[in-house]
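Report on the following structure.
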Amino acid sequence: GNRIMDQILATGHALEWWSMSPESLHPPRHVIVTAGQWMVRTIDDLSEDEVRQYYTFLSHAGRALALWRSRDPADVVRGPLSPGPQSPEP
């Protein structure tokens with residue numbers, strides 16, 4: 001397999017499971033933060049072809065990151081294709 005995709009898959013699944021588990025089962029906070037930051041940087045570095053090729057793996061990663069923000073994954077899409085929902089005024 002592809003080493004980077006294997007790492008994204010494993011990290012995404014771990015973050016996804018932790019986001020749904022009781023806090024008492026979480027690793028130390030810095031582990032979660034480091035994993036999330038690594039995943040975002042790594043995904044940002046992928047080419048468009050890699051994103052298309054590995055979309056199924058990346059969907060888990062995206063869901064995991066959205067869950068940590070207490071958001072629905074569809075509401076977190078960013079970029080030129082979708083501005084996402086408008087934030088309410090404070």
Side-chain angles (χ1 to χ4, degrees):
N2 179 310
R3 188 172 192 276
I4 292 295
M5 284 304 113
D6 290 345
Q7 290 174 330
I8 290 172
L9 181 64
T11 304
H13 275 116
L15 286 170
E16 194 173 22
W17 280 85
W18 289 329
S19 73
M20 296 182 279
S21 69
E23 194 170 333
S24 62
L25 298 177
H26 293 180
R29 181 85 179 146
H30 76 276
V31 171
I32 295 169
V33 170
T34 301
Q37 291 172 341
W38 173 85
M39 202 161 54
V40 168
R41 281 192 314 272
T42 301
I43 291 170
D44 279 348
D45 289 342
L46 296 176
S47 70
E48 288 185 34
D49 287 338
E50 288 172 315
V51 170
R52 279 192 285 278
Q53 184 177 1
Y54 298 114
Y55 177 78
T56 55
F57 299 126
L58 298 174
S59 66
H60 283 279
R63 181 171 189 265
L65 294 170
L67 289 172
W68 279 106
R69 291 181 168 199
S70 299
R71 302 282 303 278
D72 186 84
D75 293 338
V76 187
V77 175
R78 69 179 177 124
L81 297 178
S82 173
Q86 297 298 315
S87 298
E89 293 296 319

Inter-residue atom distance [X].[atom1] - [Y].[atom2], 0.5 Å rounding:
X: Tyr55; Y: His60; atom1: OH; atom2: NE2; value: 10.5 Å
X: His13; Y: Arg63; atom1: NE2; atom2: CZ; value: 9.5 Å
X: Asp44; Y: Met39; atom1: CG; atom2: CE; value: 11.5 Å

Least distance between heavy atoms, Ala64 atom then Gly12 atom:
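Looks like CB-O, 3.4 Å.
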Heavy-atom pair with the smallest gap, counting every atom of Glu16 and Leu67:
CG-CD1, 4.2 Å
By the definition ring-ring contact (aromatic ring centres under 6.0 Å, His included), identify the one residue from Trp18, Trp68, Trp17 that meets it with His26.
Trp68
Can you find a side-chain donor-acceptor pair between Trp38 and Thr42 that sits under 3.5 Å?
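Note: Trp38 and Thr42 side chains meet the donor-acceptor criterion.
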Student check: side-chain heavy atoms of Ile4 and Gln7 closer than 4.5 Å
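Yes, at least one pair of side-chain atoms sits under 4.5 Å.
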Close side-chain approach of Leu9 to Met5, heavy-atom, < 4.5 Å
no
Please answer whether the main-chain N or O of Ile8 pairs with a side-chain N or O of Thr11 as donor and acceptor at a distance below 3.5 Å.
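Such a contact is absent between Thr11 side chain and Ile8 backbone.
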Please check if the side chain of Gln37 supplies one atom and the backbone of Thr34 the other of a donor-acceptor pair under 3.5 Å.
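Here the side-chain-to-backbone pair does not exist.
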Same apolar cluster (I L V M F W Y, side chains within < 4.5 Å links), Leu46/Leu65
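Yes; Leu65 is reachable from Leu46 via cluster members.
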Kindly work out whether a path of hydrophobic side-chain contacts (I/L/V/M/F/W/Y, heavy atoms less than 4.5 Å apart) joins Val33 to Val31.
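Val33 does not cluster with Val31.
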Set out, in order, the CA-CA distance, both residues' side-chain angles and the distance that settles salt bridge (Lys or Arg N to Asp or Glu O under 4.0 Å) for Arg52 and Asp49, then state yes or no.
CA-CA 5 Å; Arg52 279 192 285 278; Asp49 287 338; 2.9 Å; yes
